[in-house]
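Shown next, in structure tokens, is the structure this report addresses.
Below, chain A is the first sequence line, B the second, and so on; all start at residue 1.
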Number of protein chains: 2
Amino acid sequence: MAQERSLPSVVERMWGREPVTRRGPRPRLDLAKIAAAAIEIADAEGLAGVSMASVASRVGVAATALYRYVGSKEDLLTVMADSAAPLPPEPAGMPWRDYLALWTRAHRDVLLDHPWLLSVGRLVPPMGPRRLLWLDRALAALDGTGLDDGEKINVASALTGYALTEAALVHSVGGGDPQMEEAGITGAGDYGEVLAGVLDPETYPSLSAALRSGALGGAEGWVDDEDFSFGLDLLLDGVEALIRRRGA
Amino acid sequence: MAQERSLPSVVERMWGREPVTRRGPRPRLDLAKIAAAAIEIADAEGLAGVSMASVASRVGVAATALYRYVGSKEDLLTVMADSAAPLPPEPAGMPWRDYLALWTRAHRDVLLDHPWLLSVGRLVPPMGPRRLLWLDRALAALDGTGLDDGEKINVASALTGYALTEAALVHSVGGGDPQMEEAGITGAGDYGEVLAGVLDPETYPSLSAALRSGALGGAEGWVDDEDFSFGLDLLLDGVEALIRRRGA
DNA sequence: TTAAAACTATGAACGTCATACACAGTACGC
DNA sequence: GCGTACTGTGTATGACGTTCATAGTTTTAA
């Protein structure tokens with residue numbers, strides 16, 4: 001009864017719960033090798049290039065051999081989503097605000113390094129060792145602030161969401177998105193320009209005004225670093241206000 | 001040269017730029033009908049149930065007929081992602097903070113009503129008429145606050161990200177996620193319990209502590225409404241501080 | 001030492017799917 | 001009415017995920 005609930009079986013493997021019996025031929029692979037190969041392909045060709053066959057051939061086995069390690073392609077994506085994350089930045093005694101800023105930026109950068117992560121659903125909730133390590137570090141940074149654990153988790157959650165949206169924005173509008181490139185949109189400026197051509201100012205009054213004012217129009221568009229910091233500070237200001245309220 | 005950049009061609013159609021020639025048989029379909037059918041299927045069976053064949057049969061044509069309206073299945077998903085959004089809530093003269101809270105909540109609810117949206121990449125940047133209407137309303141709510149257009153957009157962006165993460169969390173951990181259900185995880189409590197069983201407290205000190213304290217453990221887990229409001233207020237507090245700084 | 005048992009990788013086969021293409025039918029413009 | 005342009009159909013194809021029986025390999029037990 002306590003054992004009724006468990007981790008999804010692939011996830012168990014990610015935590016080192018590999019099968020115990022040591023009989024028969026030694027496995028030539030392990031999850032890590034498979035994930036690494038899949039990630040390399042995804043980085044190079046996008047998620048579309050990741051097929052059971054392509055991954056298998058990269059690690060030098062037949063396609064069907066992978067099913068000894070993952071139950072399905074969905075499983076493979078789950079594993080990829082966790083192992084694509086590098087180690088989180090080191091706290092090194094920073095104040096919580098500095099660290100969380102660094103953390104969120106690094107989080108976004110991971111997503112930009114592996115844009116296909118944006119199309120893989122399995123990002124929240126984190127279940128694998130890597131992403132949970134990230135979560136742990138964010139919580140640790142908030143130790144001693146007077147926030148309770150639930151609040152800390154909520155803060156981390158909000159920051160994660162922010163990193164995700166910003167990354168998606170930068171990626172699609174900043175180049176690399178196939179559908180956007182088909183249309184010749186290679187920057188926030190293009191995006192705003194194109195949009196301005198379609199929008200009816202009557203039904204979209206505020207948005208049209210924003211476009212006219214060039215808020216998405218120049219080199220400093222929706223997507224540059226200043227804007228990222230801006231939104232991030234927004235969030236951190238909120239956190240800071242909360243901490244003050246808690247009277248740390 | 002001004003025309004070199006355009007909207008992705010399906011998106012053009014979403015904006016009513018249907019072809020002009022009126023010769024040959026009258027089309028029996030239009031994008032809206034196709035999208036509606038696809039969305040019904042996705043709501044009922046998930047994204048996996050959406051195939052060109054299944055959508056086509058639901059609208060009563062052969063599979064290949066759809067290619068008169070969308071260039072590819074990717075295109076179909078793009079259309080779905082926009083037309084699944086209902087009209088945004090009406091401002092009705094609310095203060096900006098009340099409206100944005102309502103807006104963000106409604107945003108999250110859309111994602112919970114159509115969980116498959118979480119797996120469709122094409123959410124940001126918004127390109128279709130529906131999602132841009134949502135954006136417009138958020139910007140409108142911030143009129144008169146002294147924020148400039150770029151700042152307004154950043155605020156909307158952060159709120160969108162928050163809605164997205166929260167929805168993903170509620171959905172996967174709160175039921176409906178196939179991989180989670182396979183493992184018997186049907187609530188935040190289960191999630192925390194299962195996690196606690198795998199985590200090594202040495203490498204995940206803060207997270208383990210949070211789990212022990214039951215921050216994800218009870219009926220009031222990661223995912224309930226109180227937590228949503230909490231994170232939302234965090235963000236809105238940040239916005240409010242900014243507005244004060246701007247001296248509205 | 002040998003035989004059974006447990007496990008691994010393989011190759012062929014199947015069903016599903018997205019998509020391309022040639023064709024047949026239909027409405028409008030002259 | 002005739003050509004033209006467009007719509008929907010049927011067939012075909014190639015890629016892909018996945019299943020299964022099989023052959024090969026290592027360990028355990030006799």
Specify whether B/Trp15 and A/Tyr204 have parallel, tilted or perpendicular ring planes, treating 30° as the upper limit for parallel and 60° as the lower limit for perpendicular. tilted

Nearest whole Å is fine: how far is C/dT10 C1' from A/Met52 CE? 16 Å

Nearest-Å distance, OH (B/Tyr67) to P (D/dG10)? 16 Å

Could you check which of C/dC28, D/dT9, C/dA9 has an atom nearest any side-chain atom of A/Arg68? C/dA9

Whole angstrom is fine here: how far is it from CG in B/Leu77 over to C1' in C/dT19? 15 Å

Geometric cation-pi criterion B/Arg108 and B/Phe228, 6.0 Å radius, 45° cone: yes

Separation of A/Leu66 atom CG from D/dT19 atom C1', in whole Å? 15 Å

Any donor-acceptor pair under 3.5 Å joining the side chain of B/Thr64 to the base of D/dG10? yes

Separation between OG of B/Ser208 and CD of B/Glu202, rounded to the nearest 0.5 Å: 9.5 Å

When you get a sec, tell me which of C/dT19, D/dT26, C/dA9 is the closest nucleotide to the side chain of A/Tyr69? C/dA9

What's the closest nucleotide to the side chain of B/Arg23 if the choices are C/dC28, C/dG11, D/dT9? C/dC28

Looking for any heavy atom pair under 4.0 Å, which part of the strands does A/Ser51 touch: base, sugar-phosphate only, or nothing? sugar-phosphate

Which is more 5' along DNA chain D, the nucleotide nearest B/Leu29 or the one nearest B/Gly24? Just name the residue. B/Gly24

Between A/Gln179 and B/Thr78, is the side-chain hydrogen bond (donor to acceptor under 3.5 Å, both in side chains) condition met? List the steps. CA-CA 10 Å; A/Gln179 217 167 32; B/Thr78 303; 3.0 Å; yes

So which nucleotide from C/dG25, C/dA27, D/dG8 ends up closest to the side chain of B/Arg28? D/dG8

Checking all strands, does B/Ala65 fall into the base, sugar-phosphate, or nothing category for heavy-atom contacts under 4.0 angstrom? base

Among D/dT9, C/dA5, C/dC28, find the nucleotide with the atom closest to the side chain of B/Arg26. C/dC28

Expected output: side-chain B/Asp75 to main-chain B/Val10 donor-acceptor under 3.5 Å: no

Closest nucleotide among C/dT10, D/dT18, C/dT19 to the B/Lys73 side chain: C/dT19

From C-beta outward on A/Ala62, which listed nucleotide comes closest to its side chain: D/dT7, D/dT18, C/dT10? C/dT10

